[in-house]
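See below for the structure under consideration.
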Amino acid sequence: MKTPTVLLTGFEPFGGEALNPSAQIAQALHGQVLKADGQQARVVAVVLPCVFGAALQALEAALRQHQPLLVLALGQAGGRCELTPERVAINVDDARIADNAGAQPVDQPVVPGGPAAYFSTLPIKAMVAALRAAGVPAAVSQTAGTFVCNHVFYGLMHTLQQHPGVRGGFMHVPLLPEQAARSSGQPSLPLALQTEGVRLALLAALTHTQDLRVAGGTVS
Ligand code: PCA
């Protein structure tokens with residue numbers, strides 16, 4: 001039997017950066033076979049353009065080509081100090097900066113007429129618990145923002161409505177130390193630790209079809 005596929009996406013650099021940890025992590029895990037609880041799955045990495053619309057077209061092409069059983073999209077979140085599985089994608093594009101094609105939509109729906117939001121169908125609490133147990137800083141995030149990452153997350157969850165049984169979600173990752181070293185006061189984590197965190201998150205997602213019932217919220 002053919003080994004099932006996990007689709008792992010990252011983004012090209014944006015906002016004047018030369019690197020994007022999400023692409024580097026995805027490429028580092030490309031081809032790896034994840035094994036847990038008698039299951040196995042092969043990681044296929046795809047790097048998406050940081051462009052509204054085009055990013056979703058590239059994602060949909062990858063979904064058609066690879067027919068994954070699980071999808072995790074990654075993106076860089078400057079200012080965060082932990083790996084953060086996202087809880088919810090909202091139907092809003094509201095760009096504070098231009099995307100890599102120069103577009104800056106304001107208060108546009110990702111999918112006209114689509115629902116206000118979709119929840120991740122990955123076990124975000126189990127993913128956080130697995131990372132923390134291995135010494136990788138992690139927390140649930142309650143917002144993926146309103147830029148290209150949220151756009152891809154929403155578009156992914158909208159498309160997966162047509163693929164019952166395929167689970168998907170999004171995780172933001174911190175800057176790399178070499179990015180943080182170009183300014184002052186920005187948190188970062190090394191690539192090797194981030195890559196191991198994403199590998200553990202994928203294993204947790206494969207093995208937990210039900211999420212843990214533990215608190216992962218915030219007060220405000
Ligand atoms: N982060 C951006 C878009 C691409 C990326 O890596 C975001 O959080 O929307």
Side-chain angles (χ1 to χ4, degrees), residues 7-30 45-62 71-111 117-118 120 122 124 127 137-159 168-180 182-183 186-191 193-195 197-198 201-202:
L7 179 62
L8 181 65
T9 69
F11 276 103
E12 65 183 5
F14 70 102
E17 293 277 352
L19 311 168
N20 189 323
S22 66
Q24 300 204 1
I25 295 164
Q27 283 163 337
L29 291 172
H30 180 73
V46 172
V47 177
L48 304 175
C50 186
V51 175
F52 287 101
L56 270 182
Q57 285 161 17
L59 175 69
E60 276 158 22
V71 186
L72 178 63
L74 303 174
Q76 164 188 312
R80 291 196 192 173
C81 55
E82 300 165 308
L83 279 73
T84 47
E86 296 291 347
R87 189 190 292 267
V88 60
I90 61 175
N91 194 10
V92 177
D93 291 334
D94 188 1
R96 185 176 53 76
I97 58 172
D99 71 11
N100 284 358
Q104 199 168 351
V106 172
D107 292 352
Q108 300 291 316
V110 181
V111 176
Y118 288 110
S120 176
L122 298 183
I124 53 175
M127 292 158 76
V140 169
S141 165
Q142 323 297 343
T143 173
T146 54
F147 192 49
V148 184
C149 286
N150 174 73
H151 178 84
V152 158
F153 182 18
Y154 186 93
L156 168 67
M157 301 317 297
H158 188 73
T159 301
F170 197 97
M171 185 155 77
H172 269 113
V173 298
L175 298 180
L176 297 170
E178 52 269 50
Q179 294 176 288
R182 293 177 47 206
S183 57
Q186 287 273 54
S188 66
L189 289 174
L191 180 61
L193 188 74
Q194 296 206 34
T195 303
V198 171
L202 288 174

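Numbering of ligands and ligand atoms starts at 1, following listing order. All values derive from a computational prediction rather than experimental measurement. Atoms considered below: every heavy atom in the structure, side chains included; atoms not considered: hydrogens, waters and symmetry mates.
Residue contact annotation: C50 has a non-hydrogen atom under 4.0 Å from ligand 1. Not close to ligand 1: H151, with no non-hydrogen atom less than 4.0 angstrom away.
Within ligand 1, counting atoms from 1 as listed, the ones closer than 4.0 Å to a heavy atom of F147 are 2 (C), 3 (C), 7 (C), 9 (O). Those atoms of ligand 1 with a heavy atom of G75 less than 4.0 angstrom away are 6 (O). Contact atoms of ligand 1 toward Q76: 1 (N), 2 (C), 5 (C), 6 (O), 8 (O) (distance under 4.0 Å to a heavy atom of the residue).
Summarising the geometry, atom CD1 belonging to I90 is positioned 10.5 Å from atom CZ belonging to F153; distances are rounded to the nearest 0.5 Å.
Ring orientation note: the planes of F170 and F11 are tilted relative to one another, at an angle of 30° to 60°. Relative ring orientation between F147 and F14 is described as tilted, the plane-to-plane angle lying within the 30° to 60° band.
H172 NE2, 2.8 Å is the protein heavy atom nearest to atom 8 (O) of ligand 1.
Distances between N or O atoms of A144 and those of ligand 1 include no value under 3.5 Å.
Counted by atom type alone, E12 and N100 present one or more donor-acceptor pairs between their side chains at under 3.5 Å. For the 3.5 Å distance criterion, the side chains of Q186 and Q179 fail to qualify, holding no donor opposite an acceptor. Remark: the S141 side chain and the R80 side chain contain an N/O donor-acceptor pair separated by less than 3.5 Å.
The closest side-chain heavy-atom distance from L189 to L83 is below 4.5 Å.
In this structure, of S22, A55, C149, G15, the residue bringing a heavy atom nearest to atom 4 (C) of ligand 1 is C149.
Of all the heavy atoms of N20, the ones lying under 4.0 Å from any atom of ligand 1 belong exclusively to the side chain.
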